[in-house]
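What follows is a single structure, written as C-alpha cells, with notes after it.
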Amino acid sequence: MSKACINSVMETIIHRNPREYEFHQAVREVLESLEPALDRHPIYEKHKILERITEPERVIMFRVPWIDDRCEIQINRGYRVEFNSAIGPYKGGLRFHPSVNLGIMKFLAFEQIFKNALTTLYMGGAKGGSDFDPKGKSDGEVMRFCQSFMIELYRHIGPATDVPAGDIGVGKREIGYLFGQYKRIVNEFNGALTGKSLNWGGSHLRPEATGYGCVYFAREMLRTREEEFKGKVCTISGSGNVSQFTAQKLIQLGAKVVSMSDSDGVIYDPDGINEEKLAFIFELKNVRRGRIRDYAGHFKGVTYRDGAKPWDIPCDCAFPCATQNEIEEEDTKTLVRNGCYLVAEGANMPCIPQAVHVFQEAKILYGPGKAANAGGVAVSGLEMAQNAQFIHWSREYVDAKLQELMKEIHDNSWRTAKEYGCPGDYVVGANIAGFLKVADAMIEQGLV
Ligand code: NDP
Ligand code: 2IT
C-alpha cells in the first residue's frame, strides 16, 4: 500500500518539477526509506503528508544586478526556498556557486527539513543562494553583490521568520556584508542571520560546528563497535569550512588524515596532515584563497593529482565534505575493497543512490549528511537562542552542547532504525525520526 503511494507521489513530483534532478534524488531517498513508518501509521497517508511535505511552502526567485570592478553590469539570479515551517522559523544556509539552480536549492531545502528536526531544536527547513561565483572576485565585488542580494532578501527574512546562514561560497566575509546591509535596511540589530562574527553576535564554535559535529557523530558510530579514532587512517574531500574543521577534530582525536581536495584536484600526504600543516591549509584557503595543489609544493612526500578525488586512497574512514554526488558507485566499491568501514557525510548528499546501496549492502558504518552534518545548523540554533536573550555562551559550554546534540542525533537515528526493523541503517533511522516529528506537527496544525 505505502509503496504504491510513494511511487505515485514520486511520479507527480517528477512531472511537476521537470529537470530538477537533485530534488528528485533527495525526495526519492527520503520517501523510499519511510516505507516501514508509513505502513505502521496510516494517518500520514490519510492526511496526504507525503504530497504536502514535498511541496515547498514558498519559493522566491529574484534578479540580483551589480557592478563589477570594470564598471560593467552583471546579473545573477537569487533564490530562497522556504520549504517547511511546521516546527520553527525557516532555517538553512545560502550557497553562492555557479552550479546553483532551482533543483539544487530545493534538494538542499528539503534535506534541511529533516536535518533540523533531528537537532531537537525548533527550526523549519529552507535554503537559498545564487549562481554568483565568488571565486576570483575582489572583496569590493563580493560586497556589492551581497548588498544587492540583500536588497531583495531582507523582506523575506527575520529572527522569527527565516534565518539564513553560510554554505558553499558563503563564509564569514559574505555573512558580514549580508548582515551589514540587512541591518542598514531594517534599522534593527537582530539575529536574522547566523554565522556572524564572534564580536557582533556570533556564537563560539559556529565555524567549527559542522566539521567537529561530523566527527562527534562518527565517534558515536565507532563506539557501537567499541572502537575509537586513535590511529585510524582518514580521507577527506574538499578543503573548505567543513573539511578544515573535520580534519582538525580528527587530528585532535589521534586519527591520521591523509587527503584533502578542491575542485581542481586532490593531495595525498601519507605521513598525515598535522596541526602545523593544517595551519598552512587554513591560511592557503581562507586568507590567500589559493588552490590545494600548493600544499604538495610546500611539504615533502606529498602527491597531487589533477582532476582526481580521494576515494581510491586506502583508508579506514572517509569523510566526503565537498559537494553533492561526489561519490559514485565505482568509488564506493573501491573504498569498500580497500577496507574502508566508516563513511560520515560532512557534505549534503555527496553519494549517488547506487553508492549508498553499496555501503548498505556491505554493512559498513554509513552516516548520511542530514544526521552527520547537523552540527552546523545545531550551533546556528544555539546562536539564535543566544541572540534572542542578548547573551553569550562560552566556547566550552557550546562545545559540550554540540557533543550532547550529536550524540542525541546519533542515538535517535540508531534507535529509530531498530524500532522500524532496519537495525544499523542510519539512513532509515534519520529519515524516519526527522519525518515523524515534522509530520505530527503538520497534522496538529491543520491544513495550512
Ligand atoms: P566551502 O565553500 O567552504 O568549501 C567547499 C569545498 O568543496 C571547497 O574545497 C570546494 O573546492 C569544494 N567544492 C565545491 N563545489 C565543488 C564541486 N562542484 N566539485 C568539487 N569540489 C567542490 O563550503 P562548505 O565547507 O561550507 O560546504 C561543503 C559541503 O558541506 C556542502 O555540501 C555544504 O552543503 C555542506 N554543509 C555545510 C555546512 C556549513 O555549515 N558550512 C553545514 C552542513 C553541510 P573549490 O574551492 O575548488 O570550489
Ligand atoms: O547545510 C547546512 O546545514 C548548512 N549549510 C548550515 C545551515 C545553517 O543554518 O546553519
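Atoms considered below: every heavy atom in the structure, side chains included; atoms not considered: hydrogens, waters and symmetry mates. Remember, it's 1-based here, ligands and their atoms both numbered in the order they're listed. Bear in mind the structure is a predicted one, so any value in this text is a computation, not a measurement.
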Check whether any protein heavy atom sits under 4.0 Å from atom 37 (C) of ligand 1.
yes

Run the numbers for me: atoms of ligand 1, each under 4.0 Å from some heavy atom of [X], listed by number.
X: Ala347; result: 29 (C), 30 (O), 32 (O), 35 (C)
X: Arg95; result: 31 (C), 32 (O), 33 (C), 34 (O)
X: Gly238; result: 9 (O)

Among Asn325, Asn286, Thr210, Thr246, which one has a heavy atom closest to atom 42 (C) of ligand 1?
Thr210

Can you check which of Asn241, Thr194, Leu108, Asp264 brings a heavy atom nearest to atom 3 (O) of ligand 1?
Asn241

For [atom], what is the closest protein heavy atom, and at what distance to 0.1 Å?
atom: atom 16 (C) of ligand 1; value: Thr323 CG2, 3.6 Å
atom: atom 9 (O) of ligand 1; value: Ser239 N, 2.9 Å
atom: atom 46 (O) of ligand 1; value: Arg291 NH1, 3.7 Å
atom: atom 15 (N) of ligand 1; value: His97 NE2, 3.6 Å
atom: atom 4 (O) of ligand 1; value: Gly240 CA, 3.3 Å
atom: atom 12 (C) of ligand 1; value: Ala322 CB, 3.9 Å
atom: atom 2 (O) of ligand 1; value: Gly169 N, 3.0 Å

Is the side chain of Asp331 donor-acceptor paired with the backbone N or O of Glu328 at a distance under 3.5 Å, no angle test?
yes

Select one of side chain, backbone, both or neither to describe which atoms of [X] lie under 4.0 Å from any atom of ligand 1, heavy atoms only.
X: Lys135; result: side chain
X: Glu326; result: neither
X: Ile168; result: both
X: Arg289; result: neither

Close N or O approach ([X], ligand 1; < 3.5 Å):
X: Cys321; value: no
X: Arg206; value: yes
X: Val242; value: yes
X: Lys127; value: no
X: Lys285; value: no
X: Ser263; value: yes
X: Asp167; value: yes
X: Asn348; value: yes

In terms of the angle between their ring planes, are [X] and [Y] parallel, tilted or perpendicular, with boundaries placed at 30° and 60°?
X: His410; Y: Tyr426; value: tilted
X: Phe23; Y: Phe83; value: tilted
X: Trp66; Y: Phe132; value: perpendicular
X: His392; Y: His204; value: tilted
X: Phe110; Y: Phe114; value: perpendicular

Heavy atoms of Gly195 and Glu383 approach each other most closely as N-OE1, 3.0 Å

Nitrogen or oxygen contacts under 3.5 Å, ligand 2 side and protein side:
from: ligand 2; atom 1: 1 (O); to: Gln112; atom 2: OE1; distance (Å): 3.4
from: ligand 2; atom 1: 1 (O); to: Lys115; atom 2: NZ; distance (Å): 3.0
from: ligand 2; atom 1: 1 (O); to: Lys127; atom 2: NZ; distance (Å): 3.0
from: ligand 2; atom 1: 1 (O); to: Asn348; atom 2: ND2; distance (Å): 3.1
from: ligand 2; atom 1: 3 (O); to: Gln112; atom 2: NE2; distance (Å): 3.0
from: ligand 2; atom 1: 3 (O); to: Lys115; atom 2: NZ; distance (Å): 2.8
from: ligand 2; atom 1: 5 (N); to: Lys127; atom 2: NZ; distance (Å): 3.3
from: ligand 2; atom 1: 5 (N); to: Gly166; atom 2: O; distance (Å): 3.1
from: ligand 2; atom 1: 5 (N); to: Asp167; atom 2: OD1; distance (Å): 2.9
from: ligand 2; atom 1: 9 (O); to: Lys91; atom 2: NZ; distance (Å): 2.6
from: ligand 2; atom 1: 10 (O); to: Arg206; atom 2: NH2; distance (Å): 2.9
from: ligand 2; atom 1: 10 (O); to: Ser380; atom 2: OG; distance (Å): 2.6

Sort out for me which residue in Lys115, Glu111, Glu345 forms a side chain to side chain donor-acceptor pair (under 3.5 Å) with Asn373.
Lys115

What is the distance from atom OH of Tyr90 to atom CD1 of Ile113, rounded to the nearest 0.5 Å?
10.0 Å

What do you reckon, does Gly346 put a non-hydrogen atom under 4.0 Å from ligand 1?
yes

Between Asp399 and Arg395, does any side-chain N to carboxylate O distance fall below 4.0 Å?
no

Arg305 versus Ile313: any side-chain heavy-atom pair under 4.5 Å?
yes

